[in-house]
Structure formats: C-alpha cells, structure tokens
Novice: 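Right, I'll just put the structure down here and ask away after.
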2 protein chains.
Amino acid sequence: MNDSTPPRATRRKAGTHTIHDVAALAGVSSITVSRYFNSPDKVSAAVRERLREIVERIGYVPSQVAGGLASGRGRVVCAVMQNIASATFADLVKGMTDELQASGLQLLLANAQYSQTLEENAIRTFVGWHPRALILTRDDHTPAAEAMLGALDIPVVEAWGFVEDRPFHQVGFPHAETGAQLARHFLEQGATRVRFVLPHVGEDFRAGQRAQGYAGAMQAAGCKVDLATADVEDDFEAGARTIAALAATPAARRPQAIIFANDNMAAGAILHAGDCGLSLPRDCALAGFGDAPISVRLKPALTTLRPARYQIGQMAARTVLRMLSAQPEHEPTPRRELLPCELIVRESSRLSLR
Amino acid sequence: MNDSTPPRATRRKAGTHTIHDVAALAGVSSITVSRYFNSPDKVSAAVRERLREIVERIGYVPSQVAGGLASGRGRVVCAVMQNIASATFADLVKGMTDELQASGLQLLLANAQYSQTLEENAIRTFVGWHPRALILTRDDHTPAAEAMLGALDIPVVEAWGFVEDRPFHQVGFPHAETGAQLARHFLEQGATRVRFVLPHVGEDFRAGQRAQGYAGAMQAAGCKVDLATADVEDDFEAGARTIAALAATPAARRPQAIIFANDNMAAGAILHAGDCGLSLPRDCALAGFGDAPISVRLKPALTTLRPARYQIGQMAARTVLRMLSAQPEHEPTPRRELLPCELIVRESSRLSLR
DNA sequence: TTGTAGGCGTTATCAT
DNA sequence: ATGATAACGCCTACAA
C-alpha cells in the first residue's frame with residue numbers, strides 16, 4: 001500500500017485533453033494524431049475519419065504552446081502599433097488580422113504610443129514569444145531595439161512609412177513626399193503664403209515628416225516656410241483655434257492656404273469657420289491628411305490625402321506570409337512595397353487669390 | 001571518428017540563447033536562472049548580480065512558449081472583437097492592452113465582424129493557446145462556443161453589454177436601456193412621433209438592442225414605434241439620405257425627432273440638412289449614439305450617449321486580473337461591473353413642437 | 001502509412 | 001539558497 005518511491009504528483013491540468021488521449025481513443029499512436037492535424041494526407045482515410053469523429057466528440061484542440069515549442073515554429077506574428085485607438089492603426093490592424101487569420105497565424109499586439117522606448121520594450125517582450133515575424137510601424141528605433149531586430153533572423157516589416165536603405169521590408173508610402181504634394185497643390189494654384197499646422201507636441205511623428213516635405217517644397221518655390229504647432233491636444237479644438245486666430249488676422253497677412261497635419265484638425269477648422277465669420281475656401285483654402293470618412297461630408301468638402309491604410313496592413317501581412325513560405329535563403333533583399341496615398345482634391349482647397 | 005551511434009541532429013535553432021546558456025555562463029544550474037526571473041528574492045544577491053550582467057550582455061529573453069508549457073500558465077489573454085477597425089473596439093482594445101501590458105500579459109486579438117460563427121472559430125483557435133482568460137464582446141454565442149466556454153475553467157468576461165443571468169463576468173452597460181433613455185428624452189419634451197434609424201443590415205447587433213429599448217419606451221408612452229433601417233452601408237450617407245427623405249415629407253407627417261443608431265449617421269444628417277433646406281433642430285430634433293469626437297463640433301451640436309469605451313476595456317482587463325489573483329475557488333459568482341453611458345444633451349435634441 | 005525514441009526550453013517537485 | 005530530475009504536450013528524425 002505504501003509506495004516506497006512515491007511517484008511525483010502529475011502536473012497535468014484536469015479537463016484538458018492531449019494528443020495522447022485522442023490517440024488512445026483511436027487506437028493509434030500520438031504521432032498519427034499529430035499528422036492528422038499537420039499533414040492529413042499522410043494518414044489513411046479510415047484513421048482520418050475515426051480521428052475526426054473523436055476530435056469532434058471530445059472537443060480536442062491541439063496546444064499551440066506545446067506545438068510551437070516542439071516545432072520551433074509557433075503561429076504568432078507580433079506587431080507594434082503607435083496608437084491602437086486611432087483610426088489609422090485600427091485599420092492597419094484589421095488589414096493584418098484579416099490576412100493572418102486566414103493563414104492560421106495569430107497577431108500579438110502591443111501599443112507604443114509613438115514612443116521609441118515603449119517600442120523597444122514591446123520588441124523585447126515579443127522576442128520571448130518566438131514570433132514568426134515582426135511588424136513595426138516606424139523606422140527609427142532605439143539602438144537596443146535595432147540590435148534585437150538584427151539578431152532575430154525572422155522577417156521584419158516596417159509598415160506605414162517607406163524609406164530608403166533600411167535592412168527591413170518596407171510597406172507604405174513616403175510621408176515627406178505627401179507633405180510636399182499638398183504644398184505644391186497650393187503653389188501651383190499661385191499661392192505664396194501657405195501654412196502647415198502640426199498637432200500638439202508629443203504626438204504623431206509622421207506629421208513632422210510631412211511637415212518637412214512641405215517645407216522643402218516651399219523653399220524650392222522660393223516661398224516662406226510657415227510652420228505652426230497646435231497648443232491643445234484635441235485636434236478638433238486645435239483646428240478651431242487655428243481658424244479663430246486666422247479670423248483675427250488682417251486679411252493681407254493671412255496665409256492663403258493652410259495644410260493641417262490631419263483631417264480632424266481641418267474638420268475642426270471648417271466646422272468653426274462660420275462662427276468666426278469666415279467663409280471657406282474663399283477666405284482661406286484648406287487641406288488635411290487621412291481622408292477621414294467625415295471629410296467628404298464637410299462644407300466645404302475637405303481636400304486631403306488618402307493613405308491606403310487597410311491595404312498597408314494587408315500588404316504587411318502578405319509580405320510576412322511571402323517571406324515565411326519562401327526558400328530559407330537567409331538575408332534576401334528587403335522587399336519594398338509602395339502603396340498609394342492619393343491626393344483627393346475637393347472644394348476646400350480651391351484657391352481664390354486676392 | 002565514425003560514431004557507431006550517430007547522435008540525432010540537434011533541433012536547436014542557432015542564435016537563440018536558452019536558460020542553460022545563461023546558467024553555464026554563470027556557473028549555476030538552470031533552475032537558479034529560472035528563479036532569478038520568477039522569484040528573484042529566492043536567489044542570493046551575488047548570483048543575482050552575476051545573472052543580471054550575463055542576461056544583459058547576451059540579450060537573453062526567457063521563452064514564453066517553453067515557460068507557458070512547463071508551468072501550465074501562459075501569459076496570454078485572448079479577446080474577440082466584433083469590428084477591430086471601429087473606434088468603439090479600438091478604444092476597448094486600448095483599454096485592455098494598457099492594463100494587461102502593465103501586468104506582463106499579452107493580448108491575442110481576433111476579429112469576428114459581428115458574426116457568431118466567426119466568434120466561435122476565434123474561440124476555438126484561442127483554446128489552443130491555453131489563455132489565462134478570455135474577453136468577449138457579445139453575450140449571445142453559438143451553442144458550440146457556449147460549450148467550449150463552459151469547459152474552459154478560466155475567467156471569461158463579456159464586455160460592452162450588461163445582461164442578466166449570464167454565467168460570465170459582465171463589464172458594460174445595458175444597451176436596450178440607453179435606447180429607452182433617448183426615447184424618453186424626446187417623449188419628456190412632448191414629442192409623440194419619434195423615429196429610430198438602424199444602420200444597414202448585417203452590422204452592429206447592439207444597435208438592434210438599443211432599438212428595442214426605444215420601442216419599449218415608445219409603447220409604454222402610448223406612442224407609435226417608427227423603426228427604419230438604412231439602405232446603404234456608409235453611415236454618413238445613410239444619415240444624409242434619411243434627412244433628404246425627411247425634407248421631402250410634408251411637415252405634418254414628419255417625425256418630430258430622429259434617433260440615429262450611431263453618431264456617424266446623425267452627423268451625415270446634420271451635415272446634409274442645409275442642402276435640403278432644413279434647419280435643425282427646428283425642423284427635426286436629432287440624437288445619436290457614441291459621442292464621436294466630431295459630435296460636439298457639429299452645428300447643431302449633437303445630443304448623444306457617451307459609453308465609457310476605454311474604461312470598459314480597462315475594467316474588463318482588471319476583472320481578468322482580479323480573478324487571476326483571486327483564490328482558486330472555482331466558480332465564483334460572476335462579477336457585474338456596470339459602467340456609465342451618459343446622456344449628453346446638446347442643441348440637436350431641443351424640440352420645437354409645432 | 002505507421003510507429004519509436006527523444007528533445008524543444010522551461011518549471012514543479014522533491015532533496016540537500 | 002541551490003540543485004537533480006522529471007514532466008509540460010507536441011513534433012522531428014529515423015526506422016519499419
């Protein structure tokens with residue numbers, strides 16, 4: 001009765017079936033069950049049917065954890081977003097999950113809130129998950145992060161932006177160029193005084209890149225760079241204040257056009273213009289960025305840039321999938337997927353030069 | 001030279017350090033390294049310092065996969081959203097990740113697009129990850145899903161809604177009640193003809209719950225239930241069409257107020273009203289749902305309901321954390337966290353009865 | 001087509 | 001405070 005060598009207590013959690021349970025019920029070995037899931041064609045039809053029935057009956061689901069450990073290839077892709085709650089990143093996430101779920105990959109998500117340090121932390125955490133690939137949404141990382149990425153030996157995609165000479169895959173569009181595009185849109189209409197309004201500090205660094213593009217285009221045209229930064233967090237309020245300040249400025253000294261770093265600021269300006277006694281675009285032409293759903297509904301409808309947000313997420317995931325199914329030739333040339341960011345010209349940017 | 005028993009090729013992936021590497025470098029056993037990470041106070045200060053240095057130097061990160069398997073307690077929480085790309089769910093996700101990341105838990109995300117079947121698939125997938133907890137965003141599941149949830153033996157939180165008699169934790173607010181609240185807001189102002197406009201079919205089923213609440217309140221007041229459904233996907237367009245149709249209706253037969261199932265539809269209506277020659281709220285009072293950032297900026301500013309989106313995500317995560325740290329008394333009474341959904345009265349709902 | 005042996009990197013258990 | 005040993009549940013390598 002008294003075992004001389006008390007066997008170790010089993011650590012097995014109750015209630016969870018394992019591959020062995022299924023194998024025992026089917027009268028086969030566990031490796032056959034493994035094959036049933038991973039390469040069904042290597043299992044005879046008879047056994048397959050028996051297993052199907054048993055799996056269905058007892059509700060067995062293979063453990064991704066054990067499988068990932070054993071095979072060394074888990075089914076996780078990790079992504080670091082800059083602001084999950086924003087429409088931009090939410091659309092990116094949707095594009096990614098739609099694509100990844102279809103391939104049986106799971107997306108592990110982290111939020112870096114535009115902070116390099118938080119991004120580094122997220123990457124470090126992700127390393128412990130042994131992901132199949134990593135999707136980032138910026139291209140300037142801390143040295144420590146860059147070092148980890150270099151050591152990772154998995155596909156790394158930098159999505160949203162599109163810069164040169166990076167060792168990682170690029171999926172997105174050049175932000176500076178879009179800023180220049182908007183500037184030229186006004187310059188070509190004959191404007192000389194064009195202002196660019198950045199959102200409140202500490203936020204989206206991409207806006208800064210667009211501002212640089214704007215500045216470059218203005219200088220190239222021999223015009224003054226007029227860069228302003230919002231003094232409130234709320235983008236709508238920032239836009240409203242900008243337009244109020246404009247109304248208080250003598251017409252001769254006003255910019256002829258304002259480029260807002262995002263559509264929300266522009267919308268705030270448009271919706272508040274009436275209260276300030278301004279009529280847009282007569283008193284000032286406007287443009288935004290992002291093509292928010294509301295933008296086409298505004299009066300005047302807002303000229304803006306339409307980044308292919310969902311498609312960028314989708315293409316980032318596709319790039320991952322492509323690399324995963326490619327020959328394991330190490331260090332292939334990074335892919336460069338340029339996605340459109342279309343200029344949508346609407347009424348708000350029609351310049352009436354005085 | 002020729003080994004008689006050729007050893008199996010090691011499966012070890014190059015480039016990745018293991019706990020044994022660290023242990024060897026420090027001249028301790030691997031379990032000590034494990035303790036260094038999981039209960040540092042059980043390791044002497046000297047060893048601790050030595051390990052800190054080594055870990056730092058070689059950039060070792062413990063494998064969550066191996067650890068999860070060995071301990072039976074991984075660091076994953078899974079969540080099934082209904083529409084990741086919407087502001088609502090994006091805010092929920094942010095609330096969750098903010099809270100979970102702080103506790104070293106990772107959020108695995110899936111998107112069900114308001115589909116019960118997709119939700120079931122997501123849950124099945126998640127079961128294979130052996131998550132510590134599950135966060136769902138609806139309370140009506142397929143029987144198969146319900147069965148899996150019942151067998152799971154981990155905390156399950158149903159967030160966003162707030163219903164009775166569920167076996168799972170509830171974190172949210174009662175949607176039907178909010179619909180009734182808006183109806184009463186107009187009834188109390190003396191309205192008798194109040195319409196409720198649902199978004200295009202196949203979308204948000206919560207809108208249906210709010211519509212039911214509205215219908216109940218109308219009937220209780222002896223008024224006719226006037227339920228319409230948008231005929232286009234785009235919410236802004238749906239709102240615009242609704243207001244256009246209203247303009248084409250003789251004033252005497254028009255509803256005195258319209259409750260839109262979400263703020264986007266209401267915004268579409270407000271922004272298009274001018275084009276139809278209508279003045280709001282004089283010709284028709286309006287209300288929405290969701291308190292989108294734009295709503296307060298519209299002219300007239302939109303009366304709406306403000307659900308505590310971020311807080312619901314946060315509280316869902318907190319509920320998970322609380323259950324995980326609680327005594328393992330099985331089957332505790334499900335927690336019920338009622339979060340606010342405040343009525344924000346603005347100009348758009350000021351009824352001018354004729 | 002099926003099976004055997006052993007290892008994936010970590011932690012639980014028991015022992016010192 | 002530290003270590004030896006055996007799981008955790010699955011998959012790769014090799015064999016039949």
Side-chain angles (χ1 to χ4, degrees), chain A residues 3-24 26-51 55 58 60-75 127-130, chain B residues 3-24 26-51 55 58 60-75 127-130:
Chain A
D3 283 301
S4 53
T5 310
R8 283 158 189 281
T10 177
R11 283 199 258 159
R12 172 89 168 282
K13 289 155 298 170
T16 307
H17 298 288
T18 75
I19 202 171
H20 299 291
D21 300 335
V22 178
V28 298
S29 82
S30 56
I31 187 64
T32 301
V33 181
S34 173
R35 290 199 181 101
Y36 166 74
F37 283 104
N38 299 309
S39 36
D41 48 315
K42 292 187 176 175
V43 175
S44 71
V47 172
R48 212 155 49 202
E49 173 54 24
R50 198 143 31 105
L51 287 174
V55 166
I58 70 175
Y60 168 74
V61 180
S63 164
Q64 297 294 329
V65 182
L69 177 60
S71 69
R73 288 172 294 103
R75 307 197 67 68
V127 167
W129 285 99
H130 296 292
Chain B
D3 283 300
S4 55
T5 309
R8 284 159 186 279
T10 178
R11 282 197 260 157
R12 172 89 168 283
K13 290 156 295 169
T16 307
H17 298 287
T18 75
I19 202 171
H20 299 292
D21 301 334
V22 179
V28 297
S29 82
S30 56
I31 189 65
T32 300
V33 181
S34 173
R35 289 196 182 104
Y36 166 75
F37 283 104
N38 298 309
S39 36
D41 49 315
K42 291 187 177 174
V43 175
S44 70
V47 172
R48 212 154 49 201
E49 174 53 24
R50 198 145 28 108
L51 288 174
V55 166
I58 70 174
Y60 167 74
V61 180
S63 165
Q64 298 294 329
V65 182
L69 177 60
S71 69
R73 288 172 293 103
R75 308 197 65 70
V127 167
W129 284 99
H130 298 291

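Naming: A, B, ... by sequence-line order, numbering from 1 per chain.
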Novice: Would you please name every residue forming a side-chain hydrogen bond (donor to acceptor under 3.5 Å, both in side chains) with A:Ser34, sequence neighbours left out?
Specialist: A:Asn38
Novice: Please give, in whole Å, the distance from D:dC8 P to A:His17 NE2?
Specialist: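 Roughly 16 Å, once rounded to whole Å.
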Novice: For A:Leu69 versus B:Val65, what's the shortest heavy-atom pair and its separation?
Specialist: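 Here A:Leu69 and B:Val65 meet closest at N-CG1, 3.6 Å.
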Novice: What are the two closest non-hydrogen atoms of B:His17 and B:Ile58, and how far apart are they?
Specialist: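 It is CD2-O, 3.4 Å.
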Novice: Could you state the CG-P distance from B:Leu69 to C:dG9, rounded to the nearest angstrom?
Specialist: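 The answer, rounded to whole Å, is 12 Å.
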Novice: Could you tell me which non-hydrogen atom of B:Thr32 sits nearest to which non-hydrogen atom of B:Leu51, and how far apart they are?
Specialist: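 Distance-wise, the nearest heavy atoms are O-CD1, 4.3 Å.
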Novice: At less than 4.0 Å, is any side-chain N or O atom of B:Tyr60 found next to OP1 or OP2 of C:dT10? Yes or no.
Specialist: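 Indeed, a polar side-chain atom of B:Tyr60 lies that close.
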Novice: At 4.0 Å (heavy atoms only), tell me whether A:Val65 reaches a base, stays on the sugar-phosphate, or touches nothing.
Specialist: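 No contact.
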Novice: What is the bend of the helix from C:dT1-D:dA16 to C:dT16-D:dA1 when you compare the axis at one end with the axis at the other, using five pairs each and rounding to 10°?
Specialist: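 One end's axis against the other's: 20°.
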Novice: Please work out which residues in residues 41-50 of chain A have a non-hydrogen atom less than 4.0 Å from an atom of DNA chain D and list them by number.
Specialist: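 Hits under 4.0 Å, by residue number: none.
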Novice: Give a yes/no answer on whether the side chain of B:Ser71 brings an N or O atom under 4.0 Å of OP1 or OP2 in C:dT11.
Specialist: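 So the side-chain polar atoms of B:Ser71 never come under 4.0 Å of the phosphate oxygens OP1 or OP2 of C:dT11.
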Novice: Is any side-chain heavy atom of A:Tyr36 closer than 4.5 Å to a side-chain heavy atom of A:Val22?
Specialist: no
Novice: From CG of B:Leu51 over to P of D:dA1, roughly how many Å is that when rounded to an integer?
Specialist: 15 Å
Novice: What is the distance from atom CD of B:Gln64 to atom OG of B:Ser71, rounded to the nearest 0.5 Å?
Specialist: 9.0 Å
Novice: List the atom pairs, donor and acceptor, that lie under 3.5 Å between side-chain atoms in residues 39-49 of chain A and the rest of the protein, sequence neighbours left out.
Specialist:
residue, atom, partner, partner atom, Å
A:Ser44, OG, A:Val47, N, 3.4
A:Arg48, NH1, A:Pro40, O, 3.0
A:Arg48, NH1, A:Val43, O, 3.2
A:Glu49, OE1, A:Arg52, NE, 3.2
A:Glu49, OE2, A:Arg52, NH2, 3.1

Novice: Do the side-chain N or O atoms of A:Arg73 get closer than 4.0 angstrom to the phosphate oxygens (OP1, OP2) of D:dT12?
Specialist: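 Yes.
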Novice: For A:Ser30 and A:Ile19, which heavy atoms make the closest approach, and how far apart are they?
Specialist: O-CD1, 3.5 Å
Novice: Please check the phosphate of C:dG3 (OP1 and OP2 only) for any side-chain N or O of A:Ser29 closer than 4.0 Å.
Specialist: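 The answer is yes; a side-chain N or O of A:Ser29 sits under 4.0 Å from OP1 or OP2.
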Novice: Sequence neighbours left out, what passes side-chain contact (heavy atoms from CB on, under 4.5 Å) with B:Val61? Give chain and number order.
Specialist: A:Arg124, A:Val127
Novice: Take atom CH2 of B:Trp129 and atom P of D:dC10, then tell me their distance rounded to the nearest Å.
Specialist: 13 Å
Novice: Give me the residues of residues 31-40 of chain A where at least one heavy atom lies under 4.0 Å from an atom of DNA chain C, by number, or none.
Specialist: A:Ile31, A:Thr32, A:Arg35
